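Order of listing sets the numbers, starting from 1, for every ligand and every atom in it. Here the structure is a predicted model, which is why all the values come from computation and not from measurement.
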Amino acid sequence: MAEGRRILLIISGGIAAYKSLDLIRRLKERGIAVRCILTAGGAQFVTPLTVAALSGDKVYQELFSLTDEAEMGHIRLSREADLVVVAPATANILAKMAAGIADDLASTALLATDKPVLVAPAMNSMMWGHAATQANLATLEARGVRRVGPASGELACGEIGPGRMAEVPDILAAIDSLLDAGPLKGVRALVTSGPTLEPIDPVRFISNRSSGKQGHAIAAALARLGAEVTLISGPVRLADPAGVKTIHVESGREMLGAAIAALPADVAVCAAAVADWTVSNASKQKQKKQPGGAAPAIELALNPDILTTLSEQGPARPRLVVGFAAETETVVEHARAKRQRKGCDWIVANDVSPATGTFGGDFNTVHLITAAGDEPWPRIAKADVAERLAWRIVDALKGGG
Ligand code: PMT
């Protein structure tokens, strides 16, 4: 665990600096010592007094301060930590890091450090997308600097796009992973999510209403607990979760291929709504309307079953295989039968009748069905279902439960 470790947090000048205050609190709650450098820009957004009060330590701001140099020079400051975190990391500080510029305490400490560095970029989306920023990031990543985020969404400037600093839980997960912490450290997880899309012709397809919210939340929760997660996602409108390797696919067959390629894994969670049928007579050209208005015949064939295939992998079978069951009536009975039929260890059963809003919504009411029985969970946010399931996976893999 990360308890007893030390982080040097560099807060540079962005509106997201306020999130860094929460980050300090969360790190302290975990028993991690946090020492902060506040840049001149950072001090425009949060006060040294607040940072000092939360971190319980002096806040460092000046490169040439006789007192600081006597107490602790910039070299010691950067070397005494186990990890250096720059949050928010502005386009400016990333550019300085890439160019090796050392013109203030933060950039000098970053140049002098021999410790791993994690950056959490935060900026306007045009600045993020600018070739200069992307080239600087490529340079930093090639040197081993790790990155978390940015996320997409509404920015402080009112524009919408990538550039929001990653949320605190995602930064904590990245820190855990760099500090070699988290109860799922060393565990490989495979998660499927979203719908599949089965072509009828190059422009038409069969699909379903899955948004990927539940599967993506599970991938993110497992990653936060330290697992190395591969998420295989059908077409969704969600951003790739932070700290997760995401593979984008369209059809059920592609999803199966990607799932097999992601083995070996310790745990597999199949939350995707894979289309049960694919179109066996899909046309290579766009189908034309028939003279007289006759509709073309669409022939369906069963798609391969990914969950069953993963459950039947013999020695390569993940230690824990978890499926979902999407039902509209006699949910638990159907789900129990599905668990037997598909050979998985657990089934998470959910009612997907339109009135429940499960498909596409933010909440879910599930039953966890295991060999031991059936456990009803209350209606909670999909993120909370994911968190709860991830901790059950910790218990099962680490505690033998
Ligand atoms: O994506 P959201 O909008 O957040 O909605 C979440 C969800 C409702 C999609 C999710 O909670 C869920 O129930 N996922 C499973 C949907 C489904 O296809 O259920 P099923 O009962 O048809 O399939 C049973 C299991 O077999 C599932 O684990 C499914 O991933 C798997 N399966 C099904 C068919 C197939 N060809 N391959 C599979 O792996």
Side-chain angles (χ1 to χ4, degrees), residues 190-198 206-221 231-238 241 249-260 262-263 265 267-280 300-313 317-318 320-369 377 379-386 388-389:
L190 151 59
V191 180
T192 68
S193 180
T196 65
L197 183 157
E198 311 295 332
I206 296 175
S207 191
N208 60 62
R209 298 179 190 279
S210 168
S211 63
K213 286 181 182 173
Q214 187 63 83
H216 278 51
I218 293 167
L231 170 66
I232 303 165
S233 172
V236 295
R237 291 167 185 267
L238 303 175
V249 297
E250 289 208 333
S251 68
R253 282 187 186 283
E254 286 171 15
M255 189 172 272
L256 174 68
I260 298 296
L263 295 175
V267 55
V269 182
C270 293
V274 184
D276 285 322
W277 296 282
T278 188
V279 180
S280 56
L300 299 177
L302 266 184
N303 242 340
D305 194 296
I306 300 163
L307 177 61
T308 307
T309 311
L310 290 171
S311 300
E312 290 174 350
Q313 284 296 303
R317 183 191 195 275
L320 183 66
V321 179
V322 184
F324 268 72
E327 308 293 346
T328 52
E329 30 104 38
T330 47
V331 173
V332 173
E333 288 72 14
H334 280 138
R336 271 197 209 118
K338 219 167 242 181
R339 178 179 164 271
Q340 294 286 346
R341 199 166 63 244
K342 301 209 178 201
C344 56
D345 302 298
W346 299 351
I347 277 267
V348 182
N350 44 201
D351 188 336
V352 293
S353 310
T356 63
T358 304
F359 267 114
D362 292 321
F363 288 83
N364 205 351
T365 313
V366 309
H367 288 249
L368 178 65
I369 295 170
W377 290 5
R379 179 174 162 80
I380 46 180
K382 283 181 178 171
D384 296 329
V385 170
R388 207 161 158 168
L389 185 65

Holding to side chain to side chain contact (heavy atoms under 4.5 Å, CB included), I want the full list of residues that pass it with R253, two or more places apart in sequence or in another chain. S251, N303, P304
So CD1 of I369 and CG of D345: to nearest 0.5 Å the spacing works out to 13.5 Å
Taking atom OG of S311 and atom CZ of R339, what is their separation to the nearest 0.5 Å? 10.0 Å
Contact residues of ligand 1 with a heavy-atom cut-off of under 4.0 Å? S210, S211, G212, K213, Q214, C270, A271, A272, A273, V274, D276, P304, D305, I306, L307, G323, F324, A325, A326, K338, K342, N350, V352, T358, F359, G360, N364, K382
Do S210 and N208 have side-chain N/O donor and acceptor atoms under 3.5 Å apart? no
Is the backbone of T309 close enough, under 3.5 Å, to the side chain of Q313 for a donor and an acceptor to pair up by distance? yes
Take atom CZ of R379 as the centre, draw a 6.0 Å sphere, and report whether it contains more than 12 heavy atoms from other residues, nucleotides or ligands. yes
